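Report on the following structure.
All of these numbers come straight from a predicted model, not from anything done at the bench.
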Amino acid sequence: MMNPANGLANAHAKEPIFSFGVIADVQYADIPDGRSFLGVPRYYRHSFLVLQRAVRKWNEEKKLKFSINFGDIVDGFCPKDKSLITVEKVVKEFEKFNGPVYHMIGNHCLYNLPRSKLISLFKIPSNDCRAYYDFSPCPEYRFIVLDAYDFSGLGWPQDHPITMEAIKFLQEKNPNTDKNSPNGLQGLERRFLLFNGAVGKKQLNWLEDILRDCVKHQQMAIICCHLPLDAEAAAPEALLWNYEEVMAVVHRYNCVKACFSGHDHKGGYSIDSHGIHHRVLEAALECPPGSNSFGYVDVYHDRLSLLGFDRMVTTEMIFSS
């Protein structure tokens, strides 16, 4: 079950500049297996074993510089009196990786704990409860981690201005009593659901500053976001509310090579009109017992090679320019 989808590892003799591990939507909970609202089986306890195998494999590789968790570390059905201990358990498992681990906040994280607590547990650099940041593992590359719930009805206190403004926004976009229901919404409008969110104005300005800096220093950028940023790579119901606004900023600068995300459990892949690769990672949560969904990315000057295990599809992403 641990065989990669194909032999990309041997396809290129040239060594990568660096490599990093990836996993998305572990959504662990110590509860019996269940199903999504679409009827897809979910293996809440087994997902923890998937994570354990991922960390073991990443460590065996010895070449991985860091790993990235794409959000939803625990499930919304996790009993709320166990939320803290469950998040701590999963974080501790990630920390068995022999290198830095970068986290992002997903909607299921916010069902369990307030963002202030999550930022502390995930060791996210923040001074205002926002969870966006960047890091540079080598001079040639910059990673930009977006906070997909910066503007959201989740995670902020109920009486917080952001919560009230986000709920008002949703009321206008989604007439359903259940704001997680897309019933009656057409096409891309189906993204206006409570379990999604948006990148706020302050974060958009920050993103523009980072991209400008990447161009100045001739760095290639990789964007990481729990919510997908391209309609061709994910179901409408999974998209960031203002993905078009974010990508309009990104497309102004010729430095972003790929956008990775989670959230849409089936996974997806597209190349947008500007040649940017969008890779939505298959969820660890939906792995039947004994199977896996994780991988690692070999980073080169001209491409990214995602080597996926089992459900995570191996993907070669060659840069257009």
| task | Start with the C-alpha distance between Val90 and Leu51, add both sets of side-chain angles, then the distance that settles side chain to side chain contact (heavy atoms under 4.5 Å, CB included), and finish with yes or no. | result | CA-CA 8 Å; Val90 185; Leu51 172 60; 3.6 Å; yes

| side chain to side chain contact (heavy atoms under 4.5 Å, CB included) between Asn292 and Leu49: does it pass, once the steps are laid out? | CA-CA 9 Å; Asn292 296 296; Leu49 303 180; over 6 Å; no

| task | Apply side chain to side chain donor-acceptor pair (under 3.5 Å) to Arg191 and Asn196, showing your working. | result | CA-CA 7 Å; Arg191 72 187 186 274; Asn196 295 332; over 6 Å; no

| Stepwise, does the side chain to side chain donor-acceptor pair (under 3.5 Å) test hold for His277 with Tyr269? | CA-CA 7 Å; His277 298 263; Tyr269 174 60; 2.7 Å; yes

| said: Please evaluate residues His251 and Asp272 with respect to the criterion side chain to side chain donor-acceptor pair (under 3.5 Å), reporting the C-alpha separation (whole Å), side-chain torsions for both, the decisive distance (0.1 Å), and the verdict. | reply: CA-CA 10 Å; His251 289 153; Asp272 73 20; 2.9 Å; yes

| What's the verdict on side chain to side chain contact (heavy atoms under 4.5 Å, CB included) for Ile119 and Lys117, showing C-alpha distance, side-chain angles and the deciding distance? | CA-CA 5 Å; Ile119 282 167; Lys117 189 68 186 169; over 6 Å; no

| task | Would you check, one step at a time, whether the test salt bridge (charged side-chain N to carboxylate O under 4.0 Å, His left out) holds for Glu88 with Lys92? | result | CA-CA 6 Å; Glu88 287 174 335; Lys92 198 171 171 186; over 6 Å; no

| Can you list the steps and then say if Lys179 with Gln171 is a side chain to side chain donor-acceptor pair (under 3.5 Å)? | CA-CA 8 Å; Lys179 296 302 176 196; Gln171 299 278 17; 3.2 Å; yes

| Test side chain to side chain contact (heavy atoms under 4.5 Å, CB included) applied to Cys225 and Phe260, step by step | CA-CA 6 Å; Cys225 183; Phe260 286 90; over 6 Å; no

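Applying the side-chain contact (heavy atoms from CB on, under 4.5 Å) test to Glu208 and every residue at least two apart in sequence or in another chain returns Arg212, Val249, Arg252, Tyr253. Residues satisfying the ring pair (Phe, Tyr, Trp, His ring centres under 6.0 Å) criterion with Tyr133, sequence neighbours excluded, are absent altogether. Remark: His108 engages Tyr111 in a ring pair (Phe, Tyr, Trp, His ring centres under 6.0 Å) (not counting sequence neighbours). The salt bridge (Lys or Arg N to Asp or Glu O under 4.0 Å) test applied to Lys82 returns no partner, not counting sequence neighbours. Residues passing the side-chain contact (heavy atoms from CB on, under 4.5 Å) test with Ile318 are Arg303, Glu316, sequence neighbours excluded. With sequence neighbours excluded, no residue satisfies side-chain contact (heavy atoms from CB on, under 4.5 Å) with Ser120. With sequence neighbours left out, the ring pair (Phe, Tyr, Trp, His ring centres under 6.0 Å) criterion links His160 to Trp156. With sequence neighbours excluded, the residues that form a side-chain contact (heavy atoms from CB on, under 4.5 Å) with Asn183 are Asn176, Ser181.
Around CZ of Phe77, the count of heavy atoms belonging to other residues, nucleotides or ligands within 6.0 Å does not exceed 12. Within 6.0 Å of atom NZ in Lys266, more than 12 heavy atoms from other residues, nucleotides or ligands are found, so the atom counts as buried in its surroundings. When the shell of 6.0 Å around NZ of Lys168 is examined, it contains 12 or fewer heavy atoms from other residues, nucleotides or ligands. Residue Leu38 qualifies as enclosed at atom CG: its count of foreign heavy atoms under 6.0 Å is above 12.
A donor-acceptor pair under 3.5 Å links the side-chain atoms of Ser47 to the main chain of Val26, judged by distance alone. Trp58 places no side-chain N or O within 3.5 Å of a backbone atom of Arg53 that could act as its donor or acceptor partner. Side-chain atoms of Ser261 never come within 3.5 Å of backbone atoms of Cys259 as a donor-acceptor pair (strictly under, hydrogens ignored). At least one donor-acceptor pair closer than 3.5 Å links the side chain of Asn59 to the backbone N or O of Asn98. For Lys257 (side chain) and Ile276 (main-chain N/O), no donor-acceptor pair under 3.5 Å exists by modelled atom type. A donor-acceptor pair is defined here as one N or O able to donate and one able to accept, closer than 3.5 Å; no such pair exists between the side chain of Asp147 and the backbone of Ala198. When atom types are taken as modelled, the side chain of Asp72 and the backbone of Ala24 share no donor-acceptor pair closer than 3.5 angstrom.
Taking the six-membered ring where the residue is Trp, the centroids of Phe70 and His103 are separated by 6.0 Å or more. You'll find the ring centres of Tyr132 and Trp206 inside the 6.0 Å limit.
Among residue pairs with one or both ends in residues 25-41, those qualifying as salt bridge (Lys or Arg N to Asp or Glu O under 4.0 Å) are Asp30-Arg45; sequence neighbours excluded. Applying the ring pair (Phe, Tyr, Trp, His ring centres under 6.0 Å) test to residues at least two apart or on different chains, the pairs with a partner in residues 30-55 are Tyr28-Phe48. The salt bridge (Lys or Arg N to Asp or Glu O under 4.0 Å) pairs that include a residue from residues 148-163 are Arg130-Asp150, where partners are two or more places apart or lie in different chains.
Of the charged side-chain nitrogens involved, none lies within less than 4.0 Å of a carboxylate oxygen, so that Glu282 and Arg311 do not count as a salt-bridged pair. Using a 4.0 Å cut-off between charged nitrogen and carboxylate oxygen, Glu60 and Lys63 do not count as a salt-bridge pair. Taking a cutoff of 4.0 Å between a charged side-chain nitrogen and a carboxylate oxygen, Glu95 and Lys123 qualify as a salt bridge.
Scanning all heavy atoms of the two residues, the minimum distance from Cys129 to Ser116 falls at SG-CB, 3.5 Å. Looking at every heavy atom in both residues, Ser293 comes nearest to Val50 through N-CG1, 3.7 Å.
Classified by interplanar angle (parallel below 30°, tilted 30° to 60°, perpendicular above 60°), the ring pair Phe169/Trp241 is tilted.
Connection of Ile105 to Leu229 is established within a shared hydrophobic cluster, with ILVMFWY side chains joined at heavy-atom distances below 4.5 Å, either directly or through further cluster members. Put simply, Ile271 and Leu306 are part of the same group of oily side chains (I, L, V, M, F, W, Y) that touch within less than 4.5 Å, one to the next. Placement of Leu207 and Tyr243 within a single hydrophobic cluster is found when ILVMFWY residues are connected by side-chain heavy-atom separations under 4.5 Å, directly or transitively. Hydrophobic clustering (side-chain heavy atoms under 4.5 Å, transitive across Ile, Leu, Val, Met, Phe, Trp, Tyr) groups Ile23 together with Val145. Side-chain heavy atoms closer than 4.5 Å link hydrophobic residues (I, L, V, M, F, W, Y) into clusters, and following such links, possibly through other members, connects Leu170 to Leu227.
Seen from the ring of Phe20, Lys65 does not count as a face-on cation partner, given the 6.0 Å and 45° thresholds.
In this structure, the side chains of Phe151 and Asn242 stay at 4.5 Å or more apart for every pair of heavy atoms.
Side-chain contact of Ser305 with Asp298: a donor-acceptor pair under 3.5 Å is absent, judged by distance alone.
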Please tabulate, one pair per line, all N/O donor-acceptor pairs under 3.5 Å involving side-chain atoms of residues 134-144, not counting sequence neighbours.
unit_1	atom_1	unit_2	atom_2	d
Asp134	OD2	Arg142	NH1	3.0
Ser136	OG	Cys138	O	2.8
Ser136	OG	Tyr141	O	2.7
Ser136	OG	Gln219	NE2	3.3
Tyr141	OH	Tyr300	O	2.5
Arg142	NE	Gln219	OE1	3.0
Arg142	NH2	Asp213	OD2	2.4
Arg142	NH2	Gln219	OE1	3.0

